Amino acid sequence: MLLGCIADDFTGATDLASMLVKGGMRTIQAIGVPAGPPPDDVDAVVVALKSRTIPAQEAVAQSLAALAWLRAHGAPQVYFKYCSTFDSTPQGNIGPVTDALMDALGTGFTIACPAFPENGRTIFRGYLFVGDVLLSESGMKDHPLTPMTDASLVRVLQAQTRRRVGLVRFDTVAAGPQAIRERFAALAAEGTAMAIVDAVSDADLGAIGAACEDMPLVTAGSGVGLGLALNARARGRLAHAATASALPRVSGSGAVVSGSCSVATNAQVEEWRRSRPAFRVDALELAAGAPVVRRALDWAGAQLARAPVLVYATSTPAEVRAVQARLGTAAAGALIEGALSQIAQGLVALGVRKLVVAGGETSGAVVQALGVQTLRIGPQIDPGVPWTLADGATPVALALKSGNFGSVDFFAKALEQLA
Ligand code: ADP
């Protein structure tokens with residue numbers, strides 16, 4: 001293992017893992033801290049936690065448990081991954097987790113760099129931009145859990161740690177890895193322990209990746225991961241870079257389970273339904289105790305020999321509001337997630353081996369129901385969504401798509417990619 005990563009949420013972990021694969025690292029994503037050792041043939045492991053918005057103390061404890069596992073299995077470098085919009089509050093969790101990891105690793109200096117230029121997240125003079133506007137003017141200012149009202153990352157991080165926070169400015173980054181390393185040394189010598197690093201392009205990420213190659217702890221969004229992987233590849237450390245995204249072939253039928261009600265997913269369901277078999281799971285029927293799961297599986301069993309199927313609860317905002325008014329928001333969500341994950345289990349029992357799941361929470365429920373502990377990351381379908389191969393007695397290929405990701409023909413495109 002060349003790189004051991006700790007991600008503060010599930011889809012963020014997948015995002016980083018696909019960046020590492022893109023850079024040439026064979027990567028697996030573990031759901032929580034694994035019980036056993038990683039496979040031999042991986043360059044990077046991403047441990048996915050759900051620690052972004054839990055109390056800081058718990059986030060620290062979970063992150064330290066992940067660190068202990070990664071070190072026990074030989075990770076020479078540790079990467080703490082958070083969101084590219086630096087989602088956090090003055091209580092944490094980016095600062096407290098970074099502090100704890102630095103203490104545990106006995107290291108005096110690290111970086112903090114959520115930049116992801118391809119997705120419009122750039123940092124200039126320590127200020128984070130989302131597209132053309134400052135973080136504090138973006139939609140993130142109204143986030144329900146982690147409202148970001150200050151775009152100065154130095155100030156934001158300084159509020160979360162007693163260590164001193166500094167800045168590596170754009171002009172230094174543009175001067176290349178050697179200049180960046182010299183600035184790191186100068187900052188460390190004057191007592192700065194964490195440096196926000198400016199980055200506005202993929203070239204900057206490459207320079208930062210090269211400058212950080214020997215840093216025991218790197219904290220960043222997913223972008224710097226690509227820089228680190230590309231640097232390792234250029235150094236000849238990734239013998240299997242050309243085939244890093246290869247997955248073993250799976251044979252079996254294909255299916256889609258959709259519980260996301262996002263605009264993108266509604267359009268993807270509509271597109272599929274125009275020419276392909278689909279079964280709608282009705283929330284109110286479920287709540288009334290109708291045998292919806294059995295009906296869905298009977299229907300799918302009859303279809304699957306001919307063509308892949310879609311089972312969906314995806315509904316328009318007005319329909320969702322009506323269901324939520326009758327059942328309550330949380331109860332409706334849990335009821336549907338429960339039904340869709342039973343349907344996913346049933347589909348696998350019917351021989352489905354290529355399964356697309358739409359919805360972040362829905363994906364979490366399905367992965368849990370299938371008892372999946374690790375995912376090997378394969379080729380990208382659309383930005384942020386790779387095919388993965390779930391471990392277990394029966395290997396199942398999973399594509400886990402959160403809400404607004406993917407083109408309108410995502411479902412068919414994903415299944416055709418594995419045909
Ligand atoms: P996204 O990634 O788009 O946020 P999620 O799966 O995370 O998707 O969240 C969607 C939530 O909406 C889930 O809890 C799901 O069970 C719920 N849901 C799905 N269909 C309906 C519906 N018809 N009415 C109410 N809630 C629904």
Side-chain angles (χ1 to χ4, degrees), residues 7-9 11-12 14-16 18-19 22-23 52-53 81-90 94 111-160 165-176 180 183 194-209 211 219-227 230 260 262-268 317 360 380 382-385 401-408 410:
D8 70 354
D9 90 334
T11 46
T14 310
D15 174 17
L16 172 62
S18 46
M19 280 293 156
K22 190 171 165 186
R52 183 169 296 166
T53 54
K81 153 76 172 73
Y82 36 72
C83 190
S84 64
T85 42
F86 216 64
D87 301 17
S88 54
T89 68
I94 297 173
I111 64 159
C113 181
F116 191 0
E118 197 188 345
N119 278 2
R121 272 60 154 171
T122 54
I123 309 170
F124 184 69
R125 296 197 171 222
Y127 287 80
L128 179 59
F129 288 80
V130 177
D132 294 328
V133 300
L134 286 168
L135 174 68
S136 49
E137 295 168 15
S138 76
M140 282 305 296
K141 71 181 191 302
D142 301 316
H143 191 281
L145 303 175
T146 52
M148 301 302 289
T149 54
D150 187 356
S152 162
L153 296 183
V154 174
R155 268 198 307 259
V156 170
L157 186 56
Q158 189 64 81
Q160 300 178 29
V165 181
L167 173 66
V168 179
R169 243 172 38 189
F170 174 73
D171 41 350
T172 306
V173 174
I180 300 172
R183 178 74 178 138
M194 302 179 190
I196 303 294
V197 186
D198 280 354
V200 300
S201 68
D202 282 354
D204 293 340
L205 296 179
I208 296 166
T219 90
S222 59
V224 171
L226 179 62
L230 290 173
S260 161
S262 68
V263 175
T265 308
N266 267 287
Q268 288 156 348
Q380 175 173 293
D382 270 333
V385 202
K401 183 193 87 76
S402 71
N404 270 316
F405 283 35
S407 59
V408 71
F410 180 85

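In what follows, every heavy atom counts, from backbone to side chain, and hydrogens, waters and symmetry copies are set aside. Every value quoted in this text rests on a predicted model; they were computed, and no experiment measured them.
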Do the side chains of [Y] and [X] get nearer than 4.5 Å, heavy atoms only?
{"X": "Val197", "Y": "Ile123", "answer": "no"}
{"X": "Gln160", "Y": "Val165", "answer": "no"}
{"X": "Pro117", "Y": "Asp204", "answer": "no"}
{"X": "Phe405", "Y": "Asp382", "answer": "no"}
{"X": "Tyr82", "Y": "Asp87", "answer": "no"}
{"X": "Cys113", "Y": "Ile208", "answer": "yes"}
{"X": "Val168", "Y": "Asp198", "answer": "no"}

Heavy atoms only: give me the nearest Leu157-Ala112 pair and the separation to one decimal.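 Leu157 and Ala112 have their closest heavy atoms at CD2-CB, 3.8 Å.
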Heavy-atom closest pair, residues Pro114 and Leu153: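 Taking every non-hydrogen atom into account, CG-CD1, 3.7 Å.
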For Asp15 and Lys81, run side-chain contact (heavy atoms from CB on, under 4.5 Å): C-alpha distance rounded to whole Å, both residues' side-chain angles, the deciding distance at 0.1 Å, then the answer. CA-CA 10 Å; Asp15 174 17; Lys81 153 76 172 73; 4.2 Å; yes
Is Thr85 reaching over with its side chain to a backbone N or O of Cys83, donor-acceptor style, under 3.5 angstrom?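 Pair absent, no side-chain N/O of Thr85 close to backbone of Cys83.
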Mark yes or no for whether Ser84, through its side chain, and Ala115, through its backbone, hold a donor-acceptor pair below 3.5 Å.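 Here the side-chain-to-backbone pair does not exist.
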Taking only distance into account, with no hydrogens and no angle test, what donor-acceptor pairs under 3.5 Å do side-chain atoms of residues 129-148 form with protein atoms, sequence neighbours excluded?
| residue | atom | partner | partner atom | Å |
| --- | --- | --- | --- | --- |
| Ser138 | OG | Leu135 | O | 2.7 |
| Ser138 | OG | Met140 | N | 3.1 |
| His143 | ND1 | Leu145 | N | 3.0 |
| His143 | ND1 | Thr146 | N | 3.0 |
| His143 | ND1 | Thr146 | OG1 | 3.3 |

Partners passing side-chain contact (heavy atoms from CB on, under 4.5 Å) against Leu226 (at least two apart in sequence or in another chain):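 Per chain and number, Leu226 pairs via side-chain contact (heavy atoms from CB on, under 4.5 Å) with Met19, Lys22, Leu230.
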How many angstroms lie between [atom1] in [X] and [atom2] in [Y], if you round to the nearest 0.5 Å?
{"X": "Ile94", "Y": "Thr89", "atom1": "CD1", "atom2": "OG1", "answer": "9.5 Å"}
{"X": "Gln268", "Y": "Ser407", "atom1": "CD", "atom2": "OG", "answer": "6.5 Å"}
{"X": "Gln158", "Y": "Asp150", "atom1": "CD", "atom2": "CG", "answer": "12.0 Å"}
{"X": "Ile196", "Y": "Arg125", "atom1": "CD1", "atom2": "CZ", "answer": "15.5 Å"}

